[in-house]
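Report on the following structure.
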Amino acid sequence: MGNRRLRKMGRKVAISFLIGSLATFLAPSVRAEKPEHLQRIKQTRNCFKCNLKKANLANISLKGAFLRETNLQEANLEGADLRFAVLRKVNLKKANLKNADLTGAILRDVNLDDAILTGATLPPRYQRKFKSDSKVRVPELIIDILKQQRR
């Protein structure tokens with residue numbers, strides 16, 4: 001009888017361990033950005049093919065920065081200074097740009113789908129009437145940008 005109990009308990013422990021291991025392995029990482037890319041953008045204000053997904057860049061000064069093919073999806077850029085920055089092929093899908101300043105910025109092939117633009121200052125030619133209290137979907141902005149490039 002003692003051996004049966006041990007076997008049952010051993011199976012339960014093995015199953016629990018297996019489930020715990022799978023959950024740990026399959027769980028998404030909370031931190032998605034690459035630390036070396038985060039350090040690079042903070043030090044040089046230049047990033048080419050950087051992964052800064054979900055990065056916390058609130059109140060960062062990126063004045064005159066050059067970002068190309070950079071992933072800033074779901075990044076927190078609240079209050080960021082992006083004046084005169086050049087953003088080319090940058091993914092800002094679901095990014096928080098609340099109160100960010102993009103005065104004089106050049107935006108080319110930028111994805112702003114579902115971005116939070118409440119209080120953000122956009123370059124004049126990209127301004128649209130947005131609801132100030134909601135997330136926005138702006139595929140027409142991307143179309144306008146593409147039209148501008150063709151001219």
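All heavy atoms count here, side chains included; hydrogens, waters and symmetry mates do not. Just so we're clear, the structure is a prediction, and the values are computed from it rather than from any experiment.
Gln73 meets the side chain to side chain contact (heavy atoms under 4.5 Å, CB included) test with Lys53, Asn71, Asn91, Lys93; sequence neighbours excluded. Qualifying salt bridge (charged side-chain N to carboxylate O under 4.0 Å, His left out) partners for Lys42, counting only residues two or more places apart in sequence or in other chains: none. For Asn59, the side chain to side chain contact (heavy atoms under 4.5 Å, CB included) criterion is met by no residue, not counting sequence neighbours. Qualifying side chain to side chain contact (heavy atoms under 4.5 Å, CB included) partners for Ala55, counting only residues two or more places apart in sequence or in other chains: Glu33, Leu38, Leu52, Leu57.
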Pair Phe48-Glu69, side chain to side chain contact (heavy atoms under 4.5 Å, CB included): steps then yes or no: CA-CA 6 Å; Phe48 177 66; Glu69 297 178 37; 3.9 Å; yes

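Residue pairs meeting the disulfide bond (SG atoms under 2.5 Å apart) criterion with at least one partner in residues 69-105, sequence neighbours excluded, do not occur; the list is empty. Pairs of residues two or more places apart, or lying in two chains, that qualify as disulfide bond (SG atoms under 2.5 Å apart) and include a residue from residues 39-123 are Cys47-Cys50.
Rounded to the nearest 0.5 Å, atoms CZ (Arg68) and CZ (Arg108) are 12.0 Å apart. With values rounded to the nearest 0.5 angstrom, Thr118 atom OG1 is found 6.5 Å from Ile116 atom CD1.
A side-chain contact (heavy atoms from CB on, under 4.5 Å) with Leu92 holds for exactly one of Leu77, Thr70, Leu117; it is Leu77.
Counting only heavy atoms from C-beta outward, the side chains of His37 and Lys49 never approach each other to under 4.5 Å. Taking the side chain as every heavy atom from C-beta outward, Leu72 and Leu67 approach each other to under 4.5 Å.
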What pairs of donor and acceptor atoms, side-chain ones from residues 79-88 against any protein atom, are under 3.5 angstrom apart with sequence neighbours left out?
unit_1, atom_1, unit_2, atom_2, d
Asp81, OD1, Arg83, N, 3.1
Asp81, OD1, Arg83, NE, 2.8
Asp81, OD2, Arg83, NE, 3.3
Asp81, OD2, Arg83, NH2, 2.7

Side-chain donor-acceptor distances from residues 95-107 under 3.5 Å, at least two apart:
unit_1, atom_1, unit_2, atom_2, d
Asn96, OD1, Lys98, N, 3.0
Asn96, ND2, Asn76, OD1, 3.4
Asn96, ND2, Glu78, OE1, 3.3
Asp101, OD1, Thr103, N, 3.0
Asp101, OD1, Thr103, OG1, 2.5

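Asp109 contributes no side-chain N or O that, together with a main-chain N or O of Asn111, makes up a donor-acceptor pair within less than 3.5 Å.
For the residue pair Arg45 and Lys63, the shortest heavy atom distance occurs at NH1-O, 2.9 Å.
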